[in-house]
Amino acid sequence: MRYWLMKSEPSDVSIDDLAGFENQTVDWYGVRNYQARNFMRDQMQVGDGVLFYHSNCDEPGIAGIAEVATLAYPDRLQFIEGHKYFDPKATPETPRWFNVDVKLVRKTRLLSLKEMRETPELENLRILQRGNRLSITPVDPRDWAFILEQLK
DNA sequence: GCCAACGTTGGC
DNA sequence: GCCAACGTTGGC
């Protein structure tokens, strides 16, 4: 059992969008970074905890709790010619990009990036490190427990 | 394998 | 819209 922070732009998929989806689940499409892909493909297990983070928006921060709902499988968008996420080097036989499904557990209050930065207990959180851009990062179990406490 | 040029991310 | 930080590409 591991814990993750996963960024989503709310203009693409927000926590409220997720709540409205069938089974409150979304396929985590569009990851085109090898490190983030490897986390999904090689490490994620069904039931892993997810902090659902709103990025590139007015109020960046953690907006809800979710969980990994499937093992990783090929991202279907890599095969769709003309699509933003099309990858000409990927084939169904040798897919390059993978995604898991993510299911909502519950929407929470917004734990803003600002508040996280002001919380000394969270200083080691990957998302707060300088220059961090990875859209998927592991979360230490103690950080997970601390954050869940803040979101009660 | 090096590294300059370019593209992307994402907070501000 | 700016731009720092980082990742990728491709010539050599």
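Letters A, B, ... mirror the listed sequences (proteins, then strands); counts begin at 1. Note that the coordinates shown come from a computational prediction; the quantities given were computed from them, not determined experimentally.
Residues A/V102 and A/Y73 do not share a hydrophobic cluster, defined by chaining ILVMFWY side chains whose heavy atoms lie under 4.5 Å apart. Cluster membership check: A/V31 does not share its hydrophobic cluster with A/L51, using side-chain heavy-atom separations under 4.5 Å among Ile, Leu, Val, Met, Phe, Trp and Tyr. Under the 4.5 Å side-chain heavy-atom criterion for Ile, Leu, Val, Met, Phe, Trp and Tyr, A/W4 and A/Y53 are members of distinct hydrophobic clusters.
Residues A/D27 and A/T25 have side chains not in contact (no heavy-atom distance under 4.5 Å, counting atoms from C-beta outward). Contact of the A/D48 side chain with the A/M1 side chain is registered, since non-hydrogen atoms from C-beta on lie closer than 4.5 Å. Using a 4.5 Å heavy-atom threshold, the side chains of A/R109 and A/Q150 count as touching.
As judged by a 4.0 angstrom heavy-atom cut-off over every strand, A/R130 is placed among residues touching the sugar-phosphate backbone only.
Residues from residues 58-66 of chain A placing a heavy atom under 4.0 Å of any atom in DNA chain C do not occur.
Ion pairing of A/R37 with A/D75 is absent here, as no side-chain N (NZ or NE/NH1/NH2) approaches a carboxylate O to less than 4.0 Å.
No side-chain donor from either of A/Q78 and A/R96 sits under 3.5 Å from a side-chain acceptor of the other.
Nearest-nucleotide assignment on DNA chain C puts the 5′-proximal partner with A/N56, out of A/R133 and A/N56.
First and last contacts of DNA chain B with chain A, using any nucleotide atom under 4.0 Å from a protein heavy atom and ordered 5' to 3', fall at B/dG7 to B/dC12.
Rounded to 10 degrees, the angle between the two end axes of the helix from B/dG1-C/dC12 to B/dC12-C/dG1 is 10°, with five pairs used at each end.
Classified by interplanar angle (parallel below 30°, tilted 30° to 60°, perpendicular above 60°), the ring pair A/W28/A/F52 is perpendicular.
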